[in-house]
Amino acid sequence: MRTVSLSRAVPLLALSVLVSSIAFGQEGGSIAIGVGTQKVLTVPGVNRVAIGDPSVINVTTLGSNQLLVNGLAEGKTTLLVWKANGQRVNYIVAVRKQDPNEVIAEIKKLLGEIEGVNVRMVGDRIYLDGQAYTQADADRIDQVAGLYPNVKSFVKIAPNAKKLVAQNLNAAFQKAGLKNVAANVVGSTIFLEGSVESQQDLQKAELITKAIGEKVENLLVVGIKRMILSEVQFVEIRRQTTDRYGIKYPTDISGTATAAVGITKELFPGNFAQGDLGIDGTGKSAFAIGFQNNDGYGRLLAQPKLVCASGEKAEFLAGGEVPIPLITNNQFAVEFKPYGVILKLRPTADRNGNIQTEIEAEVSEVDISVAVAIGGGASIPGFRSRKVKTNVTVRHGETIVLSGVFAHDEQKSVSKIPGLGHIPILGELFKNRAFDSNKRELVIFVTPRIVNPDSDKIRAIIDDVKSRYKQARGEVTFGIFD
């Protein structure tokens with residue numbers, strides 16, 4: 001009986017172990033991942049997990065139905081997962097180090113036919129270097145490098161890539177008959193500027209841009225170019241001061257002296273000779289006693305209003321021109337130098353209401369004090385000028401303070417009698433002081449506005465000019481109260 005019992009007990013024990021394995025153990029299979037890569041496992045009702053070798057893998061739970069397995073080091077380990085119903089799932093996880101040549105081959109396949117990019121191995125890392133010729137290629141290279149943790153990209157966009165793209169776009173626009181469309185590079189961005197005649201031409205320009213595969217800022221307008229009114233104010237304030245204090249003695253004497261001698265003698269001997277001697281002299285010297293303050297004020301105000309198409313150049317001159325002779329060994333020519341209030345600007349408006357303006361402003365005047373003599377009593381005058389050149393961007397209707405230049409010149413001179421003028425206190429009676437001061441301040445304001453022929457601003461300017469013309473006409477005609 002004992003033997004039987006023993007023989008019967010063994011099959012019962014084996015059956016119990018088999019039932020337990022079926023109820024609480026389940027093979028999850030094998031998992032193969034690379035070092036530094038991840039894999040997501042879907043296991044419904046995850047309660048807890050156990051890792052055989054934590055140095056090989058790391059497991060993170062994602063809710064109650066998913067596990068994230070991270071490959072840490074090369075090796076093999078087990079992963080046990082218990083469900084909420086008590087069931088256990090067993091996994092064999094193999095972490096292997098991927099072959100670098102295999103990774104390089106995959107990267108080259110993903111990059112495709114992109115030119116200018118090199119893939120090389122340094123140590124245990126893979127690097128991408130070179131230059132991308134389009135923004136689309138650069139974005140694709142960054143996306144490929146982000147798929148591999150051991151891959152680093154040093155690829156940059158070629159410096160002349162934007163210019164080459166702009167040249168290709170301009171050639172395509174000319175070929176398509178879009179003569180008023182131009183691609184320009186500003187910084188790292190390509191702008192489409194100009195105008196098209198219809199909405200179909202605008203779509204054609206957009207299709208050409210998409211075919212190139214480059215991102216651009218489209219600033220094209222349909223129809224005629226937008227008009228821009230630039231209101232400019234030149235404001236210059238001058239102040240000149242001349243002060244004189246003390247007594248100016250006649251220390252310098254200036255004048256002229258003449259002498260004449262005449263001797264006459266008869267032809268016959270025995271007569272005495274006769275002679276005349278005359279001396280004339282004149283002299284003068286300055287003597288002044290003065291305590292005076294002289295102040296002078298001046299103001300220059302010019303308010304030009306210029307209307308031009310967006311992207312075109314406008315010029316303004318209020319002054320004159322001075323002829324400057326140009327003399328060489330073989331020819332003689334005359335060049336005219338303008339002076340006065342000179343303004344040159346080129347406003348460009350985009351579709352967002354921003355106005356970029358290139359401005360050159362100058363206020364100049366003829367200065368005889370620095371003239372250059374060229375012989376024959378002729379001279380070439382110099383010029384005193386204040387100028388500024390800049391490029392700014394503002395919104396519609398905003399004012400640009402272009403320049404606020406302040407100049408202040410001061411001079412002092414002392415005239416005194418040697419010896420007497422050095423005596424303390426009493427020496428003030430033998431000296432004269434002169435103070436000269438000259439102040440100039442120039443401010444230029446520019447206000448660009450996007451307008452059209454029906455704008456209120458344009459109508460107001462036209463009405464103002466008409467009213468001034470009528471007023472001037474009434475002043476020059478015959479009047480009974482003249």
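When all heavy atoms of Pro381 and Val322 are compared, the pair lying nearest together is CG-CG1, 3.8 Å. Scanning both residues, Leu111 and Arg140, for their nearest heavy atoms gives O-CZ, 3.8 Å. Considering all non-hydrogen atoms of both residues, Ala349 and Ile450 come closest at CB-CD1, 3.8 Å. Of all non-hydrogen atoms in Pro54 and Gly52, the two that sit nearest each other are CD-O, 3.8 Å. The nearest pair of heavy atoms linking Ile141 to Ala132 is CD1-CB, 4.3 Å. The two residues Gly311 and Thr348 make their nearest non-hydrogen contact at CA-OG1, 3.5 Å.
Residues Ile92 and Thr78 meet the side-chain proximity criterion, which asks for heavy atoms closer than 4.5 Å. No side-chain heavy atom of Asn438 sits less than 4.5 Å from a side-chain heavy atom of Asp436. Here the side chains of Val43 and Tyr91 are in contact, with some heavy-atom distance below 4.5 Å. The closest side-chain heavy-atom distance from Leu67 to Thr61 is below 4.5 Å. Within the 4.5 Å cutoff, side-chain heavy atoms of Ser153 are placed close to those of Asp142. The shortest side-chain heavy-atom distance between Val307 and Ile461 does not fall under the 4.5 Å cut-off. Residues Lys344 and Lys313 are in side-chain contact: their nearest non-hydrogen atoms beyond the backbone lie under 4.5 Å apart. Contact annotation: the side chain of Val93 never approaches that of Val56 to less than 4.5 Å [non-hydrogen atoms, C-beta and beyond].
Between Tyr339 and Phe383, the ring-plane angle classifies as tilted under the 30° and 60° cut-offs.
How far CZ of Arg395 is from CZ of Arg449: 14.0 Å, rounded to the nearest 0.5 Å. To the nearest 0.5 Å, atom CG of residue Leu192 and atom CD of residue Glu206 are 9.0 Å apart. Atoms NZ and NZ, on Lys470 and Lys466 in that order, are 7.5 Å from each other to the nearest 0.5 Å. Interatomic distance, Thr357 OG1 to Asn391 CG, rounded to the nearest 0.5 Å: 7.5 Å. The distance from the NZ atom of Lys83 to the CG atom of Asn65 is 10.0 Å, given to the nearest 0.5 Å. Annotation: the span from Gln203 atom CD to Ile208 atom CD1 amounts to 12.5 Å, rounded to 0.5 Å.
Using a distance-only test at 3.5 Å, with no hydrogens or angles considered, a donor-acceptor pair links the side chain of Ser364 to the main chain of Gly340. Checked by atom type and distance alone, the side chain of Asn170 pairs as donor or acceptor with a backbone atom of Ala166 at under 3.5 Å. In this structure a side-chain-to-backbone donor-acceptor pair under 3.5 Å is missing from Thr241 to Ser437. The main-chain N or O of Leu128 is never found under 3.5 Å from a side-chain atom of Asn118 such that the two would form a donor-acceptor pair.
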TODO: Check step by step if side chain to side chain contact (heavy atoms under 4.5 Å, CB included) holds for Val196 and Val181.
DONE: CA-CA 7 Å; Val196 292; Val181 180; 3.6 Å; yes
Open item on the list: For Glu193 and Leu220: C-alpha separation, side-chain torsions, deciding distance, then whether side chain to side chain contact (heavy atoms under 4.5 Å, CB included) applies.
Closed with: CA-CA 5 Å; Glu193 300 176 338; Leu220 297 177; 5.6 Å; no
Open item on the list: For a side chain to side chain contact (heavy atoms under 4.5 Å, CB included) check, start with the C-alpha distance between Val185 and Ile190, then their side-chain angles and the critical distance, and finish with the verdict.
Closed with: CA-CA 5 Å; Val185 180; Ile190 300 177; 4.2 Å; yes
Open item on the list: Assess the residue pair Leu79 and Leu41 against the criterion (side chain to side chain contact (heavy atoms under 4.5 Å, CB included)); give the C-alpha distance rounded to whole Å, side-chain angles, the decisive distance to 0.1 Å, and a yes or no.
Closed with: CA-CA 11 Å; Leu79 171 62; Leu41 301 179; 4.0 Å; yes
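Using a 4.0 Å cut-off between a side-chain N of Lys or Arg and a carboxylate O of Asp or Glu, Asp463 and Arg459 do not qualify as a salt bridge.
Among Thr447, Ile359, Leu343, Ile400, the single residue meeting the side-chain contact (heavy atoms from CB on, under 4.5 Å) criterion with Val232 is Leu343.
Around NZ of Lys39, the count of heavy atoms belonging to other residues, nucleotides or ligands within 6.0 Å does not exceed 12.
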